[in-house]
Participant: 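I am attaching a structure below and will ask some questions about it afterwards.
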Number of protein chains: 2
Amino acid sequence: MQHVMPNATIRDVAREAAVSVASVSRALNGATNIRPELRDHIRAVADRLGYVPHAGARNLSLARSSTIGVVVPDLHGEFFSELMRGMDRQASELGFHLLLMVMHGEADRGVTALHAMRGRVDGLVVMAPQITSDELFAHLPKSMPSVLLNCAPHEGNRPELRVDNVAGAVAVIEHLAAGGCRRIVHVAGPEANIDAQERLRGTREACARLGLDLRVLQGDFNEDAGTRAITALEAEGAAYDAIFAANDNMAVGALMALKRAGITVPEQVAVAGFDNIPLTRLISPALTTASIDIAEFGARAVVRLVGLIDGERDDALEWRAPIVIARESTRQPTDNTTENPIRRGDRE
Amino acid sequence: MQHVMPNATIRDVAREAAVSVASVSRALNGATNIRPELRDHIRAVADRLGYVPHAGARNLSLARSSTIGVVVPDLHGEFFSELMRGMDRQASELGFHLLLMVMHGEADRGVTALHAMRGRVDGLVVMAPQITSDELFAHLPKSMPSVLLNCAPHEGNRPELRVDNVAGAVAVIEHLAAGGCRRIVHVAGPEANIDAQERLRGTREACARLGLDLRVLQGDFNEDAGTRAITALEAEGAAYDAIFAANDNMAVGALMALKRAGITVPEQVAVAGFDNIPLTRLISPALTTASIDIAEFGARAVVRLVGLIDGERDDALEWRAPIVIARESTRQPTDNTTENPIRRGDRE
DNA sequence: GTGCTTCATGTAACCGGTTACATCAAGAGC
DNA sequence: GCTCTTGATGTAACCGGTTACATGAAGCAC
């Protein structure tokens with residue numbers, strides 16, 4: 001009597017069951033053209049030997065790995081854990097695995113990573129917010145299905161998913177306006193940052209359309225910038241009733257500075273941020289902010305990628321419009337003004 | 001002149017360079033037994049064709065995938081992003097990739113996951129804190145190198161890494177006692193969770209040894225449980241001067257509830273958590289907590305696993321004792337013995 | 001010249017699966 | 001009886017790499 005052999009191959013099973021490898025393969029993969037008794041016998045033998053198919057070999061001959069490569073810039077914080085969560089849930093639902101690859105900022109490591117993926121994955125989800133992506137894309141073979149997440153603008157059409165910062169900023173301004181604010185101060189992010197630029201643009205558009213006063217102060221995404229903005233405004237005795245910071249960090253800085261200055265939030269000045277970092281729920285007053293559903297973002301990328309892998313045609317640039325998460329730092333809409341998440345159509 | 005072919009194989013390169021596949025392999029893998037001019041020529045041709053080796057095929061013939069399978073129970077929160085971060089950094093340093101596999105609680109999915117790993121990875125890092133892992137281990141072939149993280153007790157010796165929750169809880173209680181606390185409330189985690197059980201045990205031991213009052217409230221690791229605990233305590237007018245929650249989430253919930261109830265932290269009630277999620281630094285007052293260096297924990301698991309893969313012998317059960325990270329939510333130890341009793345909140 | 005060593009290169013087997021095609025037995029139709 | 005069809009099973013090629021071994025040319029000693 002044969003003992004369990006830890007790494008039995010299909011040929012071991014075939015020998016032990018006195019059949020050919022083809023029959024074993026058929027028995028285990030549920031092919032119909034095999035006699036039921038034989039199928040059961042083979043399965044029993046396979047069980048007895050503790051046979052588990054070698055996925056690598058299977059992948060090679062099927063030319064399919066059922067694996068999705070995930071290329072991300074870094075792994076800090078909750079954004080990534082949420083993103084991975086959404087991708088994983090969706091991938092496992094569709095029968096795919098996730099192979100993770102982090103390029104720690106260095107572009108050449110990104111290229112190496114991309115190469116290492118060849119023959120290991122069926123497709124890629126690539127997140128590369130750095131501007132240097134063009135080199136990366138040059139190494140992304142056309143034959144490799146891939147979905148881009150929040151990448152900087154680039155040559156050519158590719159299936160892509162982006163956060164609609166413009167729409168998010170518009171939604172925030174509309175929310176502020178609905179709460180009665182008329183004189184908005186926007187604390188902008190770094191000029192070179194694409195997200196910051198778009199948020200500023202949305203703010204400008206919405207204020208112009210709604211006839212609101214807008215003043216823009218330069219910031220840098222750090223908490224201090226929010227504090228400095230308030231200090232400066234108070235020093236010159238400026239009149240304003242809302243602060244919209246281009247990210248939550250700066251909004252928190254502004255909030256703290258307002259508190260110290262004895263200005264009540266949201267009664268005298270409303271404050272809103274962007275990103276929905278976990279902290280926003282916990283400070284007091286809780287911060288109104290805008291963000292997308294990150295897990296859904298990841299899941300959607302996986303769905304589209306699997307579509308591509310299955311041969312679908314897809315060149316679309318899809319946008320995810322952030323929704324406003326209204327908390328204590330802003331006044332709620334007074335009347336029946338709409339506060340729907342605004343989905344913008346194709347921008348240019 | 002030949003064009004770039006997207007999925008050139010080694011045989012394409014061989015034909016194009018008018019050499020054998022063996023030479024191509026040697027040229028690209030840096031073998032010494034090849035004429036330098038020929039090597040350069042082959043490399044040039046490979047470049048021109050855009051040849052990237054097929055990792056799957058390579059793995060099969062080398063019987064090595066340079067990939068580590070990571071089996072985790074779920075992906076919530078920052079613990080996992082930190083863990084993955086540590087593992088990823090170390091793995092990429094050692095030339096390994098990470099294949100992620102989440103078993104959402106269901107044990108049979110864990111077994112399926114394990115099988116799917118065969119022939120895809122060289123070894124596994126398995127984290128299975130809640131389920132009765134014995135079934136899982138039964139499906140973990142001896143031939144598959146694996147390192148266990150924080151698994152429930154089980155048969156036999158395996159290379160393993162565990163957080164010493166008992167020691168961590170003891171350290172927290174000692175820190176609270178050193179700050180003058182005498183009436184401790186422990187908000188416990190889920191009863192079925194091994195971490196929660198051990199933290200409770202450490203709390204019990206330390207309180208008994210130090211002669212502190214201890215009251216245990218059942219929780220579930222969610223923020224709400226902390227809030228509910230405070231609500232219940234206040235409703236009955238209980239006397240207590242410290243909350244030790246079995247994880248940070250619940251501690252944060254408690255902190256917020258205390259704030260809302262107008263109870264000062266840490267003057268009237270000190271609060272401590274467990275895990276050191278990044279959030280704890282950001283809230284106000286910053287939360288005292290206990291934790292291991294999670295990234296290091298993950299990195300160490302990878303190091304040991306790679307050792308196993310390389311044939312080292314290793315059956316050790318290694319412990320990581322958490323340290324207390326004292327922040328604003330607890331009083332710092334005063335010099336030798338007594339704390340000023342006036343500040344201590346007997347609030348009834 | 002022959003014989004021996006050394007070294008670059010090629011040939012073909014192998015990793016462990018899948019599957020097109022060949023084979024063969026049984027049953028149907030005449 | 002013979003032929004044709006049908007369906008189960010086996011044989012061997014293939015996926016794309018690596019590499020043991022074979023080959024053959026060059027170099028050297030005699």
Side-chain angles (χ1 to χ4, degrees), chain A residues 5-43 45-46 49-67 115-122 141 143, chain B residues 5-43 45-46 49-67 115-122 141 143:
Chain A
M5 54 169 80
N7 283 325
T9 73
I10 197 173
R11 285 173 232 271
D12 295 325
V13 178
R15 189 180 335 107
E16 187 70 10
V19 296
S20 72
V21 290
S23 292
V24 177
S25 180
R26 285 190 274 256
L28 299 178
N29 292 321
T32 54
N33 52 347
I34 185 166
R35 202 159 31 97
E37 313 92 83
L38 185 59
R39 170 167 47 71
D40 296 342
H41 170 235
I42 291 173
R43 286 189 176 170
V45 171
L49 295 184
Y51 170 70
V52 178
H54 188 286
R58 193 155 202 273
N59 295 163
L60 181 58
S61 80
L62 288 176
R64 181 180 238 261
S65 63
S66 297
T67 302
H115 285 179
M117 292 289 197
R118 158 93 211 274
R120 227 185 268 270
V121 304
D122 296 334
S143 54
Chain B
M5 53 170 80
N7 283 325
T9 73
I10 197 173
R11 285 171 232 273
D12 295 326
V13 178
R15 188 178 337 105
E16 187 70 9
V19 296
S20 73
V21 290
S23 291
V24 177
S25 180
R26 284 191 273 256
L28 298 178
N29 292 320
T32 54
N33 51 347
I34 186 165
R35 201 160 31 97
E37 313 92 84
L38 184 58
R39 169 166 50 68
D40 295 343
H41 169 234
I42 291 173
R43 286 190 176 168
V45 171
L49 295 185
Y51 170 71
V52 179
H54 188 286
R58 193 154 202 274
N59 296 164
L60 182 58
S61 78
L62 288 176
R64 181 180 239 259
S65 62
S66 297
T67 303
H115 284 178
M117 292 288 197
R118 159 93 211 276
R120 226 185 270 271
V121 303
D122 296 335
S143 54

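The figures that follow rest on heavy atoms only: side chains count, while hydrogens, waters and symmetry mates do not. Protein chains get the first letters and strands the later ones, always in sequence-line order, with residue 1 at the start of each.
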Participant: What is the distance from CG of B:L38 to C1' of C:dG10, rounded to the nearest Å?
Facilitator: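 Going from B:L38 (CG) to C:dG10 (C1'), I get 12 Å.
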Participant: Nearest 0.5 Å, what's the CD-CZ distance between A:E37 and A:R39?
Facilitator: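 Reported value, rounded in 0.5 Å steps: 9.0 Å.
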Participant: Round to the nearest Å and state the distance from A:N29 atom CG to C:dG16 atom P.
Facilitator: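 Those two atoms, CG and P, are 17 Å apart.
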Participant: Check every atom of C:dG17, C:dT11, D:dT9 against the side chain of B:V21 and return the nucleotide holding the closest atom.
Facilitator: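 Nearest listed nucleotide: C:dT11.
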Participant: Which sits closer to the 5' end of DNA chain C, B:A22 or B:R118, going by the nucleotide each is nearest to?
Facilitator: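 Counting from the 5' end, the first nearest nucleotide belongs to B:A22.
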Participant: Given atom NE2 of B:H41 and atom P of C:dA8, what is their separation to the nearest angstrom?
Facilitator: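 Result: 18 Å.
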Participant: Rounded to whole angstrom units, what separation is found between the OH atom of B:Y51 and the C1' atom of D:dG17?
Facilitator: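 From B:Y51 OH to D:dG17 C1': 7 Å.
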Participant: Answer yes or no: does a side-chain N or O of A:R35 lie under 4.0 Å from OP1 or OP2 of D:dT9?
Facilitator: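 For D:dT9, OP1/OP2 do have a side-chain N/O of A:R35 under 4.0 Å.
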Participant: Between B:R26 and C:dA8, is there a side-chain N or O to OP1/OP2 distance below 4.0 Å?
Facilitator: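 False: B:R26 side-chain N/O out of range (4.0 Å or more) of C:dA8 OP1/OP2.
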Participant: Over all strands shown, is A:L60 touching base, sugar-phosphate only, or nothing at heavy-atom distances under 4.0 angstrom?
Facilitator: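 The residue A:L60 makes base contact.
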Participant: Answer with base, sugar-phosphate or nothing: what part of the nucleic acid does A:V19 contact at a heavy-atom distance below 4.0 Å?
Facilitator: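 Sugar-phosphate, no base atom in range.
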Participant: Phosphate oxygens OP1/OP2 of D:dT18: is one of them under 4.0 Å from a side-chain N or O of B:S25?
Facilitator: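 Yes, B:S25 has a side-chain N/O under 4.0 Å of OP1/OP2 on D:dT18.
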Participant: Does this structure show an ion pair linking B:D40 with B:R43, if we count only N-O contacts that are shorter than 4.0 Å?
Facilitator: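 No, B:D40 and B:R43 are not salt-bridged.
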Participant: Does B:S61 place a side-chain N or O at less than 4.0 Å from the phosphate oxygens OP1/OP2 of C:dC14?
Facilitator: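 Checking B:S61 against C:dC14: no side-chain N or O falls below 4.0 Å of OP1 or OP2.
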Participant: Using a 4.5 Å cut-off on heavy atoms from C-beta on, say whether the side chain of B:N7 contacts that of A:R118.
Facilitator: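 Yes; the side chains approach each other to less than 4.5 Å.
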Participant: Does D:dA8 have OP1 or OP2 sitting under 4.0 Å from an N or O in the side chain of A:S23?
Facilitator: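 No, A:S23 has no side-chain N/O under 4.0 Å of OP1/OP2 on D:dA8.
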Participant: Before giving the answer on side chain to side chain contact (heavy atoms under 4.5 Å, CB included), spell out for B:R26 and B:V19 the whole-Å C-alpha distance, their side-chain angles and the decisive distance to 0.1 Å.
Facilitator: CA-CA 11 Å; B:R26 284 191 273 256; B:V19 296; over 6 Å; no
Participant: Mind calculating the distance between CZ (A:R11) and C1' (C:dC15) to the nearest angstrom?
Facilitator: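 From A:R11 CZ to C:dC15 C1': 9 Å.
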Participant: Return the nearest nucleotide to the side chain of A:N33; candidates are C:dG17, D:dT9, C:dA12.
Facilitator: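 Selected nucleotide (nearest to the side chain): D:dT9.
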Participant: Less than 3.5 Å between a donor and an acceptor, one on the side chain of A:R58 and one on the base of C:dG16, is that the case here?
Facilitator: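 Counting by modelled atom types and ignoring angles, no donor-acceptor contact under 3.5 Å is found here.
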Participant: Please state how far atom CD1 in B:I42 lies from atom P in C:dG10, giving the value in whole angstrom units.
Facilitator: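 Those two atoms, CD1 and P, are 8 Å apart.
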Participant: A:H54 NE2 to C:dC15 P: how many Å, rounded?
Facilitator: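 Taking atom P of C:dC15 as the reference, NE2 of A:H54 is at 11 Å.
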Participant: Counting only N and O atoms by type, is there a donor-acceptor contact under 3.5 Å from the side chain of B:R120 to the main-chain atoms of A:S65?
Facilitator: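 Here the side-chain-to-backbone pair exists.
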Participant: Just checking A:L62: base, sugar-phosphate only, or nothing, at a heavy-atom cut-off of under 4.0 Å?
Facilitator: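 Since only primed, P, OP1 and OP2 atoms lie under 4.0 Å of A:L62, the category is sugar-phosphate.
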Participant: How many whole angstroms separate atom CD1 of A:I10 from atom C1' of C:dT18?
Facilitator: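 Atom CD1 in A:I10 sits about 8 Å away from atom C1' in C:dT18.
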Participant: Do A:Y51 and A:I10 make a side-chain contact, defined as non-hydrogen atoms from C-beta onward lying under 4.5 Å apart?
Facilitator: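 Yes; the side chains approach each other to less than 4.5 Å.
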Participant: Considering just the side-chain nitrogens and oxygens of A:N59, establish if one lies under 4.0 Å of OP1 or OP2 belonging to C:dG17.
Facilitator: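 So the side chain of A:N59 is outside the cut-off, no N or O lying under 4.0 Å from OP1 or OP2 of C:dG17.
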